[in-house]
Amino acid sequence: MNLNLTSNITFDHIPNRGLRRDVINLCLMTGKPVLKLSTRDYEEHGMMHYVKEYGSAGLVNIEVFNILQHTITGWPGGKPDADDTTRPERALPYPKRVIVFSPHPDDDVISMGGTIRRLMQQHHDVHIAYETSGNIAVADEEVKLYMHFINGFNQLFANGSDEVIKHRYQSVMHFLRQKQEHQSDIRDVLTIKGLIRRGEARNACAYNGIQKDHIHFLDLPFYESGKIEKLPMSEADVRIVQELIAEIKPHQIYVAADLADPHGTHRKCTDAVLAAIDEEKQAGASWLKDCRIWMYRGAWAEWEIENIEMCVPMSPEELREKRNSILRHQSQMESAPFLGNDERLFWQRAEDRNKATAKLYDDLGLACYEAMEAFVEYHP
C-alpha cells in the first residue's frame, strides 16, 4: 500500500498548461487582460513562438481566454440537461453522491463552504467526512466554559445528583487548574475537546443543510497522539476511509491538498484518502470509473491560476453565508491555539483568498465576481 501519494500529485494532465502559465504571467507583467495582449507584448517578452504557432496574437489570446472561461461554473456538481462539452464537471449522473473530506472539523467550510452550499441547493447527495477529531486545537478556556455549563445544568435539572458528572467535573477542572505550559492533556480533556469540535461541525452542517446521517466523524488513529507531533499514518487510517467510500460509492470526492499546513495533518489526511482510492482502483471498484476527484486548498495557500480547472463563483451574499458557516466553529476563532504567525482569523483568510482569486480572474479580463473557490482535478 502506497501511503505517500501526495508526491504523485501532478498537473501534467492539464491541456496547454505551459501556454496558460506564460500568457497569464505576460498579463501580470504588462498589466493587461488576456484579450488586450498585442503582438508587440509577445515579442518584447520572448514569446513570439506562440504567435507563430497560432497564427496571430489575437488567436493566442482567444485560446487562453476560452480555457480560463471554461473553468468558471456555478454548477460544481454538473448542470443537468446542459451541454457539458466545455464544463469542468459532467452533467450526468444527476443528482450526484458527493463526499467532502475535511482534515479538521472546519476545513470543509473554510476551504469550500460556498461550493458545499451550491451543491446542496442543486440537490446533490452531500456527505461530509471529518478525518480527525481536531481535539488538540481547542483552548483550555473552552473546556472550562463547557464544564461550567454542564455542572450548572446538573445542579439545575438533576439537583446535582449525577455522581458521574460531579466526579468528571472535579477531576477535569483539577487537571486544568494545575496544568503546566506545554503539558499534554489527559484523555478526558481530549475527549471533551473532541466533543466541542463535533458539536461545532454539526452546527455548521445544519446551517448548510447537511443531513445528520450524512456527517461522518472518522477519528483517524494517526491524529490521536494528544500532541502536536502526530503518529505515522498507517493502513488502519486508510481502511477507515476506504470503508466509507466503498459504502457511499460517490460520483464526486473533494479532498484537501493544502500541503502548506505547518503541522502536516493535511498531508497525512490527503494521503489517507488518495491511498484508499488507490486501493479501490486496484480492487477493480466499478464505481470509481464514474467518480471525479477534486482537490481544494484552504487557509494556508491557493492553487496557482494556471492549474485551476474548476472555479466556483460567489456573490456577496453567498460569501457572507460562507462566513456564517465558518463562524459556527466558535472554538477556532480568537482563542484557537494554532492560528500560526498569520494574525487573520480563518474566516478572514478564507475571504481574502477567495476575493484574491476573483480579482485575478477580473484582472485577466474574465467576469468580475465577489469571490471564487478553486479546484484541481486529481487523476488516480
Side-chain angles (χ1 to χ4, degrees), residues 5-6 9 71 73-78 87-90 93-132 201 204-205 208-211 214-218 220 241-242 244-245 247-259 261 265-278 280 287-288 290-303 307-314 322 325-326 350 353-354 357 372-380:
L5 288 177
T6 46
I9 294 177
T71 65
T73 182
W75 296 81
R87 291 179 176 273
E89 183 55 84
R90 63 213 186 282
Y94 176 83
K96 291 181 174 64
R97 292 186 300 276
V98 179
I99 304 179
V100 177
F101 282 99
S102 180
H104 300 96
D106 60 353
D107 288 308
D108 54 332
V109 289
I110 290 173
S111 305
M112 53 173 293
T115 301
I116 290 172
R117 289 185 67 84
R118 193 67 66 87
L119 289 166
M120 290 299 298
Q121 290 164 359
Q122 293 165 359
H123 308 297
H124 295 286
D125 185 27
V126 180
H127 295 252
I128 310 292
Y130 297 107
E131 295 176 82
T132 71
C205 282
N208 288 326
I210 306 294
Q211 302 172 40
H214 281 43
I215 305 171
H216 308 273
F217 296 99
L218 304 186
L220 297 186
V241 176
Q242 187 177 357
L244 179 66
I245 60 176
E247 175 187 349
I248 295 175
K249 297 179 175 57
H251 303 108
Q252 275 190 334
I253 292 174
Y254 289 88
V255 57
D258 202 347
L259 308 185
D261 170 19
T265 298
H266 280 224
R267 179 180 292 274
K268 290 182 178 181
C269 286
T270 302
D271 283 335
V273 176
L274 299 186
I277 292 169
D278 193 51
E280 286 292 285
W287 65 266
L288 190 55
D290 200 25
C291 179
R292 288 191 183 177
I293 301 142
W294 293 101
M295 300 184 294
Y296 64 80
R297 285 185 171 175
W300 310 104
E302 182 56 284
W303 294 114
N307 297 327
I308 294 173
E309 295 180 271
M310 181 166 70
C311 216
V312 181
M314 288 178 282
K322 172 176 177 171
S325 63
I326 297 173
R353 181 173 54 86
N354 294 158
T357 301
M372 304 175 90
E373 293 175 337
F375 303 87
V376 173
E377 189 176 358
Y378 174 77
H379 295 264

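Heads up: numbering here begins at 1 and tracks the sequence.
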Closest heavy-atom pair and its distance - Ile293, Val255: CG2-CG1, 3.9 Å
Check: Gly74 main-chain N/O paired with Arg118 side-chain donor or acceptor under 3.5 Å: yes
Spacing of CZ belonging to Phe101 relative to CD belonging to Glu131, to within rounding of 0.5 Å: 6.0 Å
Any donor-acceptor N or O pair under 3.5 Å, side chains Glu309, Trp303: no
Least distance between heavy atoms, Tyr296 atom then Ser111 atom: CD1-CB, 3.2 Å
Ile326 vs Asp106, side chain to side chain contact (heavy atoms under 4.5 Å, CB included): CA-CA, chis, key distance, verdict: CA-CA 7 Å; Ile326 297 173; Asp106 60 353; over 6 Å; no
Parallel, tilted or perpendicular: ring planes of Phe217 versus Tyr130, cut at 30 and 60 degrees: parallel
Shortest non-hydrogen separation from Ser102 to Asp108 and the atoms involved: OG-N, 3.0 Å
Minimal non-hydrogen separation, Gly114 against Lys322, with atom names: N-CD, 3.9 Å
Separation of His124 NE2 from His251 NE2 (nearest 0.5 Å): 11.0 Å
Validation row: Leu288, Ile245 side chains within 4.5 angstrom (heavy atoms): no
From Met372 atom CE to Thr71 atom OG1, the distance as rounded to the nearest 0.5 Å: 6.5 Å
Spacing of CG belonging to Asp107 relative to OG1 belonging to Thr132, to within rounding of 0.5 Å: 8.0 Å
Rounded distance [0.5 Å steps], NE2 in His266 versus CZ in Arg297: 12.0 Å
Carboxylate-amine/guanidinium proximity below 4.0 Å for Arg97 and Asp290: no
Shortest non-hydrogen separation from Met310 to Thr73 and the atoms involved: CG-CG2, 3.6 Å
Atom pair CD1/OH of Ile99 and Tyr254 - distance to nearest 0.5 Å: 12.5 Å
Step-by-step side chain to side chain contact (heavy atoms under 4.5 Å, CB included) determination, Met112 to Phe375: CA-CA 9 Å; Met112 53 173 293; Phe375 303 87; 3.8 Å; yes
Intermediate values then yes/no, side chain to side chain contact (heavy atoms under 4.5 Å, CB included), Asp278 and Leu274: CA-CA 6 Å; Asp278 193 51; Leu274 299 186; over 6 Å; no
Distance-only polar pair, side chains of Asp125 and His214, donor-acceptor under 3.5 Å: yes
Parallel, tilted or perpendicular, as decided by the 30° and 60° cut-offs, for the rings of His127 and His216: parallel
Residue pair Pro76 / Gln122, side-chain heavy-atom distance below 4.5 Å: yes
Derivation and outcome, side chain to side chain contact (heavy atoms under 4.5 Å, CB included), residues Ile253 and Tyr378: CA-CA 10 Å; Ile253 292 174; Tyr378 174 77; over 6 Å; no
Flag side-chain contact, heavy atom, 4.5 Å: Ile128 against Ile116: yes
Closest contact, heavy atoms only, Gly209 versus Met120: O-CE, 2.9 Å
Gly113 backbone acceptor or donor facing Glu373 side chain under 3.5 Å: yes
